Amino acid sequence: MRNVVAGNWKSNKLLNDARAWMDGMSSWLAKNGGVDVMVAMPAPYLAACAPEAPEGLHVLAQNVSAEGFGAHTGEYTAEMLQSCGVAGAIVGHSERRARFGDVDAVVAAKVDALLAADLTAVFCCGETLQERESGRAEDVVLQQLQTGVLRIPVDQIGNVIVAYEPVWAIGTGVTATSAQAQDMHASIRGWLTEAFGAEVAESIPVLYGGSCKPSNAADLFSQKDINGGLIGGASLKPEDFQGVIEGHPALNR
Ligand code: PEP
């Protein structure tokens with residue numbers, strides 16, 4: 001099982017801040033292992049920062065085009081990301097699903113584009129508060145997996161990371177309890193087992209995201225089916241991000 005903690009800066013920081021953040025991570029990364037550490041930066045910094053990333057830091061994009069090369073002004077392809085040394089991209093983040101037209105079919109095409117370029121796809125899924133309160137949380141999440149992940153060939157699934165991010169917990173300061181998160185992660189693991197078999201399902205990292213911070217990371221990451229986290233606000237400062245990763249039981253120090 002791969003253990004992963006990935007940061008998501010969203011639309012924050014300038015290029016110099018990105019470089020300073022990497023400086024702030026490098027000696028810590030040199031001393032700590034056992035958890036794959038990733039960070040999703042704003043697109044303009046990728047070509048500069050991916051080659052400069054300290055050992056042990058995988059640089060991700062926050063988006064990718066669902067289209068290939070061609071007349072798609074403003075879009076960037078998975079091959080472009082790969083040519084810049086980027087390891088992969090987040091797809092299906094709830095902010096993009098809600099505000100930028102990333103419906104299930106678009107998210108699926110983005111996953112396919114990343115996998116075809118041999119890049120990692122961090123596939124986000126999660127229910128809104130209304131969906132949870134109406135008892136549909138599990139159905140919504142499993143449906144997102146059905147359209148985004150089910151048809152992926154088994155030989156490409158090793159490049160997929162699933163991130164369960166309840167929309168009501170993202171950027172709100174309200175974290176799912178570890179029991180709520182574990183329940184959904186167990187459902188996701190069960191779905192992955194049916195889709196790909198037990199051995200493959202166990203190898204797919206399933207991350208929790210939603211107001212995860214140093215004070216609650218250890219509790220969340222100690223749950224059986226939670227393999228790490230996708231971290232927004234608490235990834236912006238190296239010391240907070242390190243504090244989150246230090247909550248992972250697989251960290252070797
Ligand atoms: C996210 O943006 O994926 C996220 C989990 O944000 P936050 O940690 O700030 O809730």
Side-chain angles (χ1 to χ4, degrees), residues 3-13 17-18 21 25 35-43 45-46 57-64 86-100 102 107 110-111 114 120-129 131-132 137 140-141 144-145 148-149 160-178 180-182 184-185 188 205-221 223 225-248:
N3 301 295
V4 178
V5 178
N8 174 19
W9 291 349
K10 312 189 189 195
S11 298
N12 289 297
K13 295 191 183 294
D17 304 322
W21 185 95
M25 288 296 294
V35 175
D36 283 351
V37 180
M38 304 181 166
V39 66
M41 296 185 178
Y45 313 152
L46 295 170
L57 180 70
H58 306 272
V59 174
L60 302 174
Q62 298 172 13
N63 191 19
V64 65
V86 172
I90 296 175
V91 288
H93 192 283
S94 64
E95 289 157 12
R96 296 210 56 87
R97 288 181 188 265
R99 303 214 299 266
F100 300 99
D102 284 12
V107 174
K110 291 182 176 189
V111 171
L114 289 166
T120 295
V122 181
F123 176 86
C124 300
C125 52
E127 81 286 357
T128 64
L129 186 58
E131 288 162 344
R132 174 160 285 263
V140 167
V141 168
Q144 288 168 343
L145 288 165
V149 175
V160 174
I161 295 172
V162 174
Y164 167 58
E165 299 207 300
V167 178
W168 46 273
I170 296 179
T172 58
V174 179
T175 316
T177 65
S178 51
Q180 281 173 321
Q182 166 56 28
M184 187 63 82
H185 279 239
I188 293 170
V206 184
L207 313 184
Y208 168 80
S211 299
C212 184
K213 45 194 175 239
S215 58
N216 59 27
D219 188 26
L220 289 159
F221 298 165
Q223 303 301 308
D225 292 299
I226 301 182
N227 306 117
L230 181 55
I231 316 300
S235 71
L236 291 172
K237 290 189 191 151
E239 57 273 27
D240 290 343
F241 194 44
Q242 290 158 14
V244 169
I245 307 166
E246 284 164 8
H248 203 300

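Note that ligands are numbered from 1 as they come in the structure, with each ligand's atoms numbered from 1 the same way. Numbering starts at 1 and runs along the sequence shown. Note that the structure is a prediction, hence the values are computed from the model and not measured. Only heavy atoms go into these numbers, but all of them, side chains included; no hydrogens, no water, no symmetry mates.
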### Message
For K213, give me all partners under side chain to side chain donor-acceptor pair (under 3.5 Å), at least two apart in sequence or on another chain.
### Response
none
### Query
Exactly which residues line ligand 1, taking a heavy atom under 4.0 Å from it as the test?
N8, K10, H93, E165, A169, I170, G171, G209, G210, S211, L230, I231, G232, G233
### Message
Using the ring pair (Phe, Tyr, Trp, His ring centres under 6.0 Å) criterion, which residues pair with W21? Sequence neighbours excluded.
### Response
W9, F241
### Task
Could you tell me whether the side chain of K13 and the main chain of L236 form a donor-acceptor pair under 3.5 Å?
yes
### Query
What pairs with D225 under salt bridge (charged side-chain N to carboxylate O under 4.0 Å, His left out), at least two apart in sequence or on another chain?
R189
### Message
Let's go through I170 and H93 carefully: what are the C-alpha distance in whole Å and the side-chain angles of both, what is the deciding distance for side chain to side chain contact (heavy atoms under 4.5 Å, CB included) to 0.1 Å, and is it a yes or a no?
### Response
CA-CA 10 Å; I170 296 179; H93 192 283; 4.2 Å; yes
### Task
Verify, without hydrogens or angle tests, whether R97 (side chain) and C124 (backbone) share a donor-acceptor contact under 3.5 angstrom.
yes
